[in-house]
Amino acid sequence: MRLSADQRSWGLRFIFGLASLLILSPVGATGRDVAIGVFAYQGERAAISDWSPVIAYLNDAVPGHRFRLDNYDVEGLRKAIAEQRVDLVITNPGYYVTMETEFGLSRIATLVSPYAVTATQAIGSAVIVRASRQDLHELSDLAGKRVAAVAPEAFGGYLAAARELLRLGIDPESDIKETVFVGLPMTKIIDAVKHGRVDAGIVRACLLEQMARQGQLKLEDFRVLSPRQEGGLACALSTPLYPDWPIAVTRQTDPALAKAVARALLAMPEGEGKMSWSVPADYQPVHDLYRDLRIGPYAYLREITPEGLVRRFWPWLLGALALLMAWIIHTVRVEHLVHRRTAELRDSLHARELAEARMRESQEQMEHLSRLSVLGELSGNLAHEINQPLATIGNYARSVLLRQSGGNLTPAALTEACTEIVNESERAGGIVQRIRHFVRKRAALREPTDLVAIAEEARRLILGMLDRPPGITIDNKLTGACQALADGPQIQQVLLNLIKNALDASRDLPAERRGIQIIIETAEPRLLVHVIDRGIGLNAAQQTHLFEPFFTTKPDGLGLGLPICKTIIEAHGGRLWAAPNADGPGMRFSFSLPCHDQSA
Ligand code: ADP
């Protein structure tokens, strides 16, 4: 974009345009057009007058190219670079570092101005006040004052001084009462200071001295704040000096052209009051200034405040917040579900324990009832059995009394009678004790159990209760160390049930079929107990229902004995089954119990 020269007429613009065309494009020159974009901060006329010597020199020194000057303002130059309309760029140090970052501009030479001593120390600011202001001596005195400057982006006309203020702890944006940007020419700033419209003014270094030399002002009317001398410059400064304007190439510039231009510029003859070029200066101080002021390429640093970060990254923060919320909700929900499930499990475990306890209780109850029922069935015989010793005791007691009244009670007869009475009473007492022991209510146990002893005890109990006891034999075929871990009374109850059923099945049969055989044998890893009778047996159909509750063939039977026996044996990890007797008539009932490993 070409500069619209404010305050200039269209006519003037036309004349200057024509002049620049004549100066910058030698008639008859042939070759490639090379556009040099210039930051024309003082307007087109000033730019042409400043840079025409350089363009003319390049057109001479680099044959085969037609160098052309294109004047731009800040935005125009930026756009021209972006659209690749310029091959070379001449601009101030501040814009250079900005566009270096943005477009990869690369300097090939730095200007040596006529008024500067070196290329690296050329541009600085003087902050001036009226000499009469006794309250203003240092830059730090500017806090709360009104200051005039060229423009917010003017390097020597504002930024260099702003950085110094910042270094002194004065924020140029908030601690200065007001900064009035008056634009160019800088004489407007001097005017504003002179007439007291502002307390101080920021101008480029040496302007004051230059105007004094030209008689435009008297140096003694003004004073420079925090004055310093630098780089051999014979002017008063308030800031350090920064490198001068560079000429730079873009990423697209032909390297051969860049080389030719650099070589030509470095070779450009120096002379009194004339500009020349040196090797590219270090622009790091300019970068530092921009970073300190957090502007241009470092403007993002302003965003690194909590508010700035929120403003910049709010979509991400919102996303992160949403994720965090989702995660929290998920965690809380999972925690809640785990709690609920744990409570449910605890409840169901408790209910199961209760049910198990109830089942154990009713099983014990049932076993007890079953024992009572066995006893009930045998009670007829039992009465008879107990009656017998009682009758004997009575007889002996009566005979003692008779003999004594007849006076023929001898000591021997008394001893015999008493001995018999003791024996018979012990026999009756033994029967009663065994019955009481058998029907006693108790909780189930698991302990090493001697199955043979249990079978003996069961036999004694049965025999003690029967009038005409059948032969009950016990075959101990145990081998090895296998032992049952069981509840003795429960196993005894099973045996009694099986023996009683065997007795029932052979009750009315001839004597040779009334014998019962109990075999106890080892069949690792189990122990086996068989109860064999030669009774009436069962047909195949009856055998299939044998262990079902309430299956009975007896008129007074309950049909609960075998199911209870099965439950007891299975609770011990064993099995109960029945088969016809292999050696003749009758049945064989068997149960197994697992071996208990004694070494464990
Ligand atoms: P109950 O003795 O009250 O009938 P059980 O469950 O003990 O109840 O026996 C069920 C049925 O099994 C008996 O009625 C009987 O018919 C049959 N039974 C049991 N043991 C034998 C056996 N050794 N010989 C023949 N039948 C038997």
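Remember, it's 1-based here, ligands and their atoms both numbered in the order they're listed. Because only heavy atoms are used, hydrogens play no part in the values below, and waters and symmetry mates are left out as well, while side chains stay in. We number each residue from 1, following the sequence as shown.
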>> Is Gly559 close enough to touch ligand 1? Criterion: a residue heavy atom under 4.0 Å from a ligand atom.
In response: yes
> Would you call Lys79-Glu75 a salt bridge at under 4.0 Å N-O?
Replying inline: no
>> Do Asp288 and Gln284 pair up side chain to side chain, a donor and an acceptor below 3.5 Å, judged on atom types alone?
In response: yes
> Less than 4.0 Å between a side-chain N and a carboxylate O, is that true for Glu164 and Arg167?
Replying inline: yes
>> Would you say that Tyr396 contacts Asn423 through its side chain, given a criterion of any heavy-atom pair below 4.5 Å between the two side chains?
In response: no
>> If the contact criterion is a heavy-atom separation under 4.0 Å, does Phe589 count as touching ligand 1?
In response: yes
>> Can you name the atoms of ligand 1, numbered from 1 with element, that are less than 4.0 Å from a heavy atom of Thr552?
In response: 1 (P), 4 (O), 14 (O)
> Can you name the side-chain hydrogen bond (donor to acceptor under 3.5 Å, both in side chains) partners of Gln543, sequence neighbours left out?
Replying inline: none
>> My understanding is that only residues two or more places apart in sequence, or in another chain, count here; which of them pass side-chain hydrogen bond (donor to acceptor under 3.5 Å, both in side chains) with Glu178?
In response: Arg146
>> With the threshold set at under 4.0 angstrom, would you say Pro563 reaches ligand 1 through any of its heavy atoms?
In response: yes
> Who's closest to atom 9 (O) of ligand 1 heavy-atom-wise, of Asn501, Leu538, Asn539?
Replying inline: Asn501
>> When you measure from the heavy atoms of Leu558 to every atom of ligand 1, does any distance fall below 4.0 Å?
In response: yes
>> Please report whether ligand 1 has a polar contact with Asp504, defined as an N or O pair separated by less than 3.5 Å (distance criterion only).
In response: no
> Which ligand 1 atoms, with their elements, are less than 4.0 angstrom from a heavy-atom of Leu546?
Replying inline: 12 (O), 17 (C)
>> Side chain, backbone, both or neither: which applies to Asp533 and ligand 1 if a contact is any heavy-atom pair less than 4.0 Å apart?
In response: side chain
> So, are Glu456 and Arg460 salt-bridged, with charged N and O less than 4.0 Å apart?
Replying inline: no
> Just which atoms of ligand 1 are under 4.0 Å from any heavy atom in Gly557?
Replying inline: 3 (O)
